[in-house]
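Below you'll find the structure, written out as structure tokens, and then a few comments.
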Amino acid sequence: MNINTSNNHDNGEQDQKGVSKKRYMPLLLINYTCLFLGSVSSSLLSKYYFNHKGSNKWVSTWVQSAGFPFLLLPVFLPYYLFQCTQRKPFTGFTPRILSLSIFIGLMLGLNNLLFSWGNSYLPVSTSALLLSSQLVFNLILSAIMVKQKLTFTNLNCVILLTLSSILLALGSNHDKPQDLTPTKYMIGFVATIGAGLLFALYLPIMEMIYKKVYCYAMMIEMQLVMELSATILASVGMVWDGGFTEMRKESKEVFDKGEGVYWVTMITNVVTWQLCFMGTAGTVFLTCSLTGGICMTALLGMNVLGGVLVYREDFGGVKIVSTVMCGWGFCSYVYGMYVNNHMMKLLDDHKQNINPSIEMAQPQPQPHSDLHLGLGV
């Protein structure tokens, strides 16, 4: 019996190796699309809630993770309904992975609260530019935790993004709403920076854990547990603060767009946040934590533009300079990646020319986490 199980496991690994190259790019494109749609839409919808007299930060926190039941579909349907995979859900889901998923989920829940706190006080464009500082934290933590190599382009990106955030902090006092006190504005500023730091910590931790994950399907299962944990944390806060009762009151008496629009906003926000988190997790799983952070930073520029176009937020000199510096830092990093990959390719070609017979005998390089790119077949 054990021998058969071992053989089935080996066959599963062989199947994954065979399909990984076919599935890598489609999976990556799907996750990039989810990340793009989810990041931009969720930020704008969260601000829409606060702009139209929604005020409960626990409600805004809760909707960020409450869509976890949607993940039950990709977890259970392929095996029980479509029968397109031989791997039973949660196979290989060890107690250690479960514990780590719960812990990270609670950390994610705290990150969601800080984001909601900052987003309730700050304009979308200001919040997005401040969140771009997460790339700085991500680079530092990646260097410490997953041995990410520091280069000139990395450090240049860090310096530019840091200066951008400082410039924004010094020059954005005129941008705050008239009824917002300097104390609340500073709370929103600090909470947003804190959210960026926690998210930057989340990315390399996930990269470390994903190295032990068997397949893409297990990554979705981990995400399900994490989102459930974050929802439990937010639900406790909702009960403590009267958030569930507040939602009914807000929809009927407070939200100035009417009850129907209120619930459509809530439901749509739940869906878009799930797209954002799944896109982020999938990108980290298929590439690395720093790439995930860079993609998020690039999309924050879209959030700035979205805030200006949708909510007619001010886009004066300070934000223009900050946005240019963010873009400059991002382009610097991308160029550094291009140069590094080009040099690695030249080095590989040089090795092949020196000793092609030895190179032919060695296994060919595979995409990142090649073993793990299958869907659990």
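Numbers for residues simply follow the sequence, beginning at 1.
In this structure the side chain of Lys57 never reaches within 4.5 angstrom of the side chain of Asn119, judged on heavy atoms. Within the 4.5 Å cutoff, side-chain heavy atoms of Ile220 are placed close to those of Met278. Side-chain contact between Met107 and Leu201 is present, with heavy atoms from C-beta onward closer than 4.5 Å. Contact annotation: the side chain of Arg96 approaches that of Leu100 to within less than 4.5 Å [non-hydrogen atoms, C-beta and beyond]. Using a 4.5 Å heavy-atom cutoff, the side chains of Leu37 and Thr272 are not in contact. Side-chain atoms of Phe285 and Val213, non-hydrogen and from C-beta on, do get closer than 4.5 Å to each other.
In the hydrophobic clustering of ILVMFWY residues, with side-chain heavy atoms under 4.5 Å counting as a link, Tyr185 and Val190 come out together. Side-chain heavy atoms closer than 4.5 Å link hydrophobic residues (I, L, V, M, F, W, Y) into clusters, and following such links, even through other members, never connects Met222 to Leu77. A chain of hydrophobic side-chain contacts below 4.5 Å, direct or via other Ile, Leu, Val, Met, Phe, Trp or Tyr residues, connects Leu28 to Leu35. A continuous path of Ile, Leu, Val, Met, Phe, Trp and Tyr side chains, each step under 4.5 Å between heavy atoms, connects Leu224 with Ile209, placing both in one hydrophobic cluster. Met219 and Tyr32 fall within a single hydrophobic cluster, where Ile, Leu, Val, Met, Phe, Trp and Tyr side chains are chained together by heavy-atom contacts under 4.5 Å.
Note that the OG1 atom of Thr287 and the CG atom of Asn31 stand 9.0 Å from one another [nearest 0.5 Å]. Atom CZ of Phe70 and atom CG of Leu275 lie 9.5 Å apart (nearest 0.5 Å). Between the CZ atom in Phe199 and the CG atom in Leu108 there is a gap of 8.0 Å [rounded to 0.5 Å]. The SG atom of Cys276 lies 9.5 Å from the CD atom of Gln274; values are rounded to the nearest 0.5 Å. Going from atom CG of Leu98 over to atom OG1 of Thr94 covers 8.0 Å, rounded to the nearest 0.5 Å. To the nearest 0.5 angstrom, Leu114 atom CG is 8.5 Å from Thr192 atom OG1.
Here the side chain of Thr91 pairs a donor or acceptor atom with the backbone of Lys88 at under 3.5 angstrom. Judged purely by atom type and a 3.5 angstrom limit, Tyr216 has no side-chain atom pairing as donor or acceptor with the backbone of Leu27. Here the side chain of Ser251 pairs a donor or acceptor atom with the backbone of Arg248 at under 3.5 angstrom. Within the 3.5 Å criterion, the main-chain N or O of Gly38 finds no donor-acceptor partner in the side chain of Ser41. Proximity of a side-chain donor or acceptor of Ser43 to a complementary backbone N or O of Val40 within less than 3.5 Å is not detected. Proximity of a side-chain donor or acceptor of Glu207 to a complementary backbone N or O of Leu203 within less than 3.5 Å is not detected. Between the side chain of Gln64 and the main chain of Asn112, a donor-acceptor pair closer than 3.5 Å is present. A distance-only check finds a donor-acceptor pair linking the side chain of Lys47 to the backbone of Leu122 [under 3.5 Å].
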Could you go step by step and tell me if Met247 and Tyr262 meet the side-chain contact (heavy atoms from CB on, under 4.5 Å) rule? CA-CA 9 Å; Met247 288 182 75; Tyr262 179 87; 3.8 Å; yes
- Taking it one step at a time, do Trp117 and Ser60 satisfy side-chain contact (heavy atoms from CB on, under 4.5 Å)? CA-CA 9 Å; Trp117 212 342; Ser60 179; over 6 Å; no
Quiz prompt | Stepwise side-chain contact (heavy atoms from CB on, under 4.5 Å) check, Asn156 with Leu160 | solution = CA-CA 6 Å; Asn156 183 53; Leu160 288 172; 3.7 Å; yes
- Mind running side chain to side chain donor-acceptor pair (under 3.5 Å) on Thr231 and Ser65 for me, showing each step along the way? CA-CA 5 Å; Thr231 304; Ser65 57; 3.0 Å; yes
request  = With side-chain contact (heavy atoms from CB on, under 4.5 Å) as the test, would you mind laying out the steps for Tyr49 and Glu250 before giving the verdict?
outcome  = CA-CA 10 Å; Tyr49 166 75; Glu250 273 190 340; 2.8 Å; yes
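In this structure, Pro204 and Met145 approach most closely via the heavy-atom pair CG-SD, 4.0 Å. Nearest heavy-atom pair across Ser46 and Asn269 is OG-ND2, 3.5 Å. Smallest separation of non-hydrogen atoms from Phe255 and Gly54: CD1-N, 4.4 Å. Nearest heavy-atom pair, Trp58 versus Ala234, reported as atom, atom and distance to 0.1 Å: CE3-O, 3.8 Å. The shortest non-hydrogen separation linking Pro78 to Leu73 is CD-O, 3.5 Å. The two atoms that bring Ser289 and Ser142 nearest to each other are OG-OG, 3.3 Å, heavy atoms only.
Contact check on Glu221 versus Arg87 returns a salt bridge, with a Lys/Arg side-chain nitrogen under 4.0 Å from an Asp/Glu carboxylate oxygen.
Phe244 and Trp62 have perpendicular rings, their planes meeting at more than 60° on a 0 to 90° scale where under 30° would count as parallel.
Under the ring-ring contact (aromatic ring centres under 6.0 Å, His included) criterion, Tyr48 pairs with His52, sequence neighbours left out. Residues passing the ring-ring contact (aromatic ring centres under 6.0 Å, His included) test with Trp273 are Phe115, Phe277, sequence neighbours excluded. Not counting sequence neighbours, Phe103 has no partner by the ring-ring contact (aromatic ring centres under 6.0 Å, His included) test.
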